[in-house]
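In what follows, a single structure is set out as structure tokens and then discussed.
Convention: sequence-line order gives letters A, B, ...; per-chain numbering from 1.
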Amino acid sequence: LNLELITLLTDFGTADYFVGAMKGAILTVNPHARIIDITHEIAPQDIQAGAFTLLGVYQAFPPQTIHVAVVDPGVGSERRPLAVAANNHLFIGPDNGLFSYIYDSAATCRVFHLTNEKYFRQTVSGSFHGRDVFAPVAAAISLGVKPDSVGSLVTDYRRLDSLAPNSREAGLIEATIIHVDRFGNCITNLTREDLNELMISQGAFLMVGEHEIRSFRRYFAEADRGSDPVFAIWGSAGFLEISAFRSSAAQLLGVTRGAKVLVTGFN
Amino acid sequence: LNLELITLLTDFGTADYFVGAMKGAILTVNPHARIIDITHEIAPQDIQAGAFTLLGVYQAFPPQTIHVAVVDPGVGSERRPLAVAANNHLFIGPDNGLFSYIYDSAATCRVFHLTNEKYFRQTVSGSFHGRDVFAPVAAAISLGVKPDSVGSLVTDYRRLDSLAPNSREAGLIEATIIHVDRFGNCITNLTREDLNELMISQGAFLMVGEHEIRSFRRYFAEADRGSDPVFAIWGSAGFLEISAFRSSAAQLLGVTRGAKVLVTGFN
Amino acid sequence: LNLELITLLTDFGTADYFVGAMKGAILTVNPHARIIDITHEIAPQDIQAGAFTLLGVYQAFPPQTIHVAVVDPGVGSERRPLAVAANNHLFIGPDNGLFSYIYDSAATCRVFHLTNEKYFRQTVSGSFHGRDVFAPVAAAISLGVKPDSVGSLVTDYRRLDSLAPNSREAGLIEATIIHVDRFGNCITNLTREDLNELMISQGAFLMVGEHEIRSFRRYFAEADRGSDPVFAIWGSAGFLEISAFRSSAAQLLGVTRGAKVLVTGFN
């Protein structure tokens, strides 16, 4: 089963030729590869945002999909190019923490330092490893080349801090807004393991600054809405989100990424 | 003839993982589907803009194309997911008026309320029916599943007001600017049936505020231009557009979507 | 060898239906064509930017790729639609200079004025030749139609000024910033032929306004950085770029496209 399916996630934007050049480099090696854009609008050099987006999306793809991710402030000699086999998907990109949440979510993973220049572009530029290293290696792997033919196993790969919230004390969780989406939904780092149904039934609520959020909903457009337009809902990436009906929760709360969310009111 | 061709039109933007997740959900069901982006830049929750863009583009695609459209302020329990068979194309998305202009342009159409959860994602989130309902249903249909296996016929689907202009009185048509494009062209709701060649030859002209537009052109760059940079031209979606040579007609006229256009000067 | 690979480069943006309509028009003629977006974010009607981006990207694609480029202020009767066979690629678009740097880089090229309306859309609009002329012709060619069946050879096609810098006098080159990318890198029109290793070893340096740039690097993230964050590096399109580590060189230097770069200090 080789799908020849390659996704792209970068901070390159779509105005320059960078994304097109990566696609061309893939198709030069494997003309039958099918390339899917995840996004190229990660803020320039924002590794944490790239890591979160990759985590939110990769599981929607079929097993064996190859995900090329390039958010790479240190392009060049300082960091290693990697291929990561985890959760039955393959990830290719720089060793700068971009795959941290993949590592965290995988029971086991194999991480390869890509060293076999035979699979790189003939001339590797100093500034565009997306085109010259990551794209051709992804295309080679889509043709059946094994990751261990392209590199050697490493274990000292770089990791960002875990997304898991702090339990500061009994009855209090200190969580964080880890992403604000286009609609102003505030994605927290709370999973169903951090905040379970029992805690919610006991009266758990959220505090964002002075704002108390006590409404937990199943749907955005639920009929029974009460007076506060802001509510909490389990989001599509598996995290609790703070949302507002037809409005931006981020604006209503005056928050951006990194803002603290306290959970309390449970035993 | 099954093309496995699926287009996407949303208000999701391209910065988040939403579009990527829809593509993954399609490819998980049908790895051979070919996915084409129409746009993801519909203004958030602007159903009318989504409906217009869908109308302008779908006929450029081959018959049997499946169009998934998601502009969905009421995601969740309040509105029904639909599949619409019309004009030899298939449309999938929420029952909130997004397919109004398809209904209006079709001699007949069959509208199905999607109820067969067998074709949905195993767990349907409360906030992301694009990934969990519309994408997998589209993929199933691209594999040959019939719409009537996924839902049941309904006739009380939601419709926006028709695009047709008002004929207020003899010799006067009250039209509207229904879209302003990237170049500042103002697309009106006037078709060749509303404003025919005879009326133009009789001296019909447009009034936008105080501005009279008397020049009707075949090409943007026509040689014979006169002194007014603003002119009318039959646009690529079949509507009369108000344009300006190498300039934004919207800026020159100081108008936005919804502005009135009066047609008079004919008998 | 026919790859049925068609790339798109336009100034259409991605908010309107224009790009989707071009894709539909291609797929209507050749349902098996594989369409790759280069960019649709060329600034409206900026032919020079479109020409540069096309030059930077096309060589990353396999031979026989068909590149459709539409940046077309004069859509309509005044300029000719062209197909250009050069460097083993095919280019389709308007005769307004958009292919200038392809002509300059090719030892030989054949340029065809597209006149055979049999390969156009049945009704050609006055304002959307991307959909009605260029897309269907590209699709026909992807099916094996020869360019000389669609048009006739011309030699008086339109060219922009060459990108080559001026050598004002011995020991001085007057170069130009021809593109500023998303990261603020300033791409000059200097190639390795203009500024060779010998000149650099002799002490060649760049002047941008009052700013002297004496650091030439191989990698963005090179260890040995010195005090000036701004440096020069051979970029991925083959031109010398002025860059800054994790920062925008364009902002640090206060320059935009068109700014002059003097090279001196060599013999």
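- Applying the side chain to side chain donor-acceptor pair (under 3.5 Å) criterion to B:Ser100, with sequence neighbours excluded, gives no partner residue.
- Contacts with chain A (heavy atom to heavy atom, under 4.5 Å) involve no residue of residues 146-162 of chain B.
- Taking each heavy atom of B:Pro44 and A:Phe183 in turn, the nearest pair found is CB-CE2, 3.9 Å.
- Proximity to chain B is limited to the side chain of A:Phe52, based on heavy atoms less than 4.5 angstrom apart.
- When heavy atoms are compared at a cutoff of 4.5 Å, A:Ala43 does not approach chain B at all.
- Judged by distance alone, with hydrogens and angles left aside, the side-chain atoms of A:Arg34 form a donor-acceptor pair with the main-chain N or O of B:Pro31 at under 3.5 Å.
- Atoms CD1 and CG, on A:Ile36 and B:Leu27 in that order, are 5.0 Å from each other to the nearest 0.5 Å.
- Taking a 6.0 Å sphere around CZ of B:Arg110, one finds it holds 12 or fewer heavy atoms contributed by other residues, nucleotides or ligands.
- Annotation: residues 10-25 of chain A contacts chain B through no residue [non-hydrogen atoms, separation under 4.5 Å].
- In plain terms, the two heavy atoms of A:Ser236 and B:Ser127 that are nearest each other are N-OG, 4.0 Å.
- Screening residues 23-51 of chain A for ring-ring contact (aromatic ring centres under 6.0 Å, His included), with sequence neighbours left out, gives no hits.
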